[in-house]
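Sequence positions, counted from 1, serve as the residue numbers for this chain. Note that ligands are numbered from 1 as they come in the structure, with each ligand's atoms numbered from 1 the same way. No hydrogens, no waters, no symmetry mates; every other heavy atom, side chains included, goes into these values. Quick caveat, the model's predicted, so the values are computed rather than measured.
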Amino acid sequence: MYSRIVGTGSYLPAKVVTNFDLAQRMDTSDAWIRERTGIERRHIIAEAESNVDMAEHAARAAIAAAGLQPSDIDLISYGTTTPDLVFPNCGCLLQARLGCRGAPAFSLEAACSGFIYALAMADKFVRAGESQRALVVGSEVLSRITDHSDRNTAILFGDGAGAVVLTPSEQPGIISTHLHADGSYQHLLYCTGGPARGPAPGNMASGDYVRMAGSEVFKLAVTLLGRIVDETLALNHLDRSAIDWLVPHQANLRIIQAVAKKLGLPMERVIVTVQEHGNTSTASVPLALDVGVRDGRIKRGDLLLLEALGGGVTWGSALLRY
Ligand code: COA
């Protein structure tokens, strides 16, 4: 028994902030940001909007694409690092809106790898026969934990949500998922506080922010994502030429290009949204997947490799036949 993606959906907030907008606020330029990251613009959540608001749009679109009703969902696996509340978890908040009462609903936190983690969890429930219609969500409001005066991070992040629905299938489907973490790298990319610790002394008064050692994270991402590509192919006895589409985490165009090169894939076979979305963390892989599916590039039967790396560090991949 496998699980298979039967619907995808996504949502981006209406407000767009371009590199030119940022250059008016801080010492940076469109040319620098595009050259170093590939990012041109990003969507930023409205003041009255929340993580779960975005997730609901993405989830309803994915459920409709699957030909199901929201009340059909029997499991919610929700990846996020920027929840509306500490609890109830975002999965429960979303479940109440969708009306699928009683379905287990949880959120898990693995920073930018959160969707791959959430997908792997849901896949295991479906394979075990414990879910027939699982909703997997990645939704993130990184703009609310970004220090908008720090040009090292403020240029990178955007907000958004993506979702998929999984159902059981005798044919793959999700072929394998691969998850890793190495907490010894926690100092390279982190948020300065949390509810158990409070804001760190000396931090900006209004709260906790993402801090990142950019070039170290960059090098680590290229190394670890390269390694997980090898691991995924080797475990499935596949040659890299078998992959039809790379659907990567959208952190930086140069990281994406390095992974594509490792796979021997031309960039035309990579779904790239980083220029439009920036880094939407947990949302970036399902957003890119939905873009590729809806514009008709990704077709039924194509072999997809999804991968991501995020704070922790955490990293992971999923090999699947769409
Ligand atoms: N605009 C203009 N200059 C900037 C800048 C900005 N927004 N941010 C940094 N700089 C400057 C730095 O101060 C530095 O100046 P200096 O040489 O005078 O000290 C110079 O640009 C180079 O900085 P560096 O950090 O070495 O640049 P980089 O090529 O590594 O690019 C990142 C920076 C953040 C774009 C890049 O490291 C990156 O993308 N890292 C990975 C980030 C990531 O993927 N994070 C999320 C993982 S989920």
Worksheet entry | Enclosure of E231 CD (heavy-atom neighbours >12, cutoff 6.0 Å) | yes
Worksheet item: Cut-off 3.5 Å, side chains only: do T82 and E140 have a donor facing an acceptor?
Response: yes
Worksheet entry | Atom indices of ligand 1 within 4.0 angstrom of G214 heavy atoms, with elements | 37 (O), 40 (N), 41 (C)
Fill in: Contact bool for atom 32 (C) of ligand 1 (protein heavy atom, d < 4.0 Å)
no
Worksheet, complete the sentence: Residue pairs meeting ring pair (Phe, Tyr, Trp, His ring centres under 6.0 Å), one or both in residues 83-107, sequence neighbours left out, come to none
Worksheet item: So, for A55 and L94, which heavy atoms are closest and what is the spacing to 0.1 Å?
Response: C-CD1, 4.3 Å
Practice prompt. Return yes when I155 approaches ligand 1 closer than 4.0 angstrom through a heavy atom, no otherwise.
Written response: yes
Worksheet, complete the sentence: Looking at R36, E216, Q250, M212, the heavy atom closest to atom 45 (N) of ligand 1 belongs to M212
Discussion item. Taking distance alone, with N or O pairs closer than 3.5 Å, would you say N252 contacts ligand 1?
Written reply: yes
Item to complete: Before signing off on this row, confirm whether H249 and ligand 1 have an N or O atom pair separated by under 3.5 Å.
Response: no
Discussion item. If the cut-off is 4.0 Å to any non-hydrogen atom of S215, which atoms of ligand 1 fall inside it?
Written reply: 30 (O), 37 (O)
Worksheet entry | Close side-chain approach of N51 to L93, heavy-atom, < 4.5 Å | no
Worksheet item: When you measure from atom 9 (C) of ligand 1 to each heavy atom in N152, D30, N279, I256, which option holds the nearest one?
Response: N152
Discussion item. Do L320 and I228 land in one hydrophobic cluster if side-chain heavy atoms of ILVMFWY residues count as linked below 4.5 Å?
Written reply: no
Item to complete: Taking only heavy atoms of C112 into account, list the atoms of ligand 1 that are under 4.0 Å away from them.
Response: 48 (S)
Item to complete: Heavy atoms only: give me the nearest M54-P13 pair and the separation to one decimal.
Response: SD-CG, 3.8 Å
Discussion item. Among V217, T28, T37, which one puts a heavy atom closest to atom 6 (C) of ligand 1?
Written reply: T28
Fill in: Those atoms of ligand 1 less than 4.0 Å from some heavy atom in I255
44 (O)
Worksheet entry | atom 5 (C) of ligand 1 [closest protein heavy-atom partner, distance rounded to 0.1 Å] | W32 CH2, 3.4 Å
Discussion item. Side chains of T177 and D123: any donor to acceptor distance under 3.5 Å?
Written reply: no
Practice prompt. For atom 40 (N) of ligand 1, decide whether some protein heavy-atom distance is shorter than 4.0 Å.
Written response: yes
Fill in: Per-atom contact, atom 37 (O) of ligand 1, protein heavy atoms, under 4.0 angstrom
yes
Discussion item. Geometry only, no angles: is L309 polar-contacting ligand 1 at N/O separations under 3.5 Å?
Written reply: no
Discussion item. Is atom 18 (O) of ligand 1 near the protein, in the sense that some protein heavy atom lies at less than 4.0 Å from it?
Written reply: no
Worksheet item: M26: heavy atom below 4.0 Å from ligand 1, yes or no?
Response: no
Worksheet item: What protein heavy atom sits nearest atom 13 (O) of ligand 1, and how far away is it?
Response: R151 NH2, 2.9 Å
Worksheet item: Just going by heavy-atom distances, which of S113, A251, A213, A221 is nearest to atom 44 (O) of ligand 1?
Response: A251
Fill in: Y2 atom OH, over 12 foreign heavy atoms within 6.0 Å
no
Item to complete: Find the distance between CG (N89) and CD (E109) and round it off to the nearest 0.5 Å.
Response: 12.0 Å
Worksheet item: Can you tell me how far the CE atom of M212 sits from the OG1 atom of T146, to the nearest 0.5 Å?
Response: 10.0 Å
Worksheet item: Parallel, tilted or perpendicular for Y11 and H57, by the 30°/60° rule?
Response: parallel
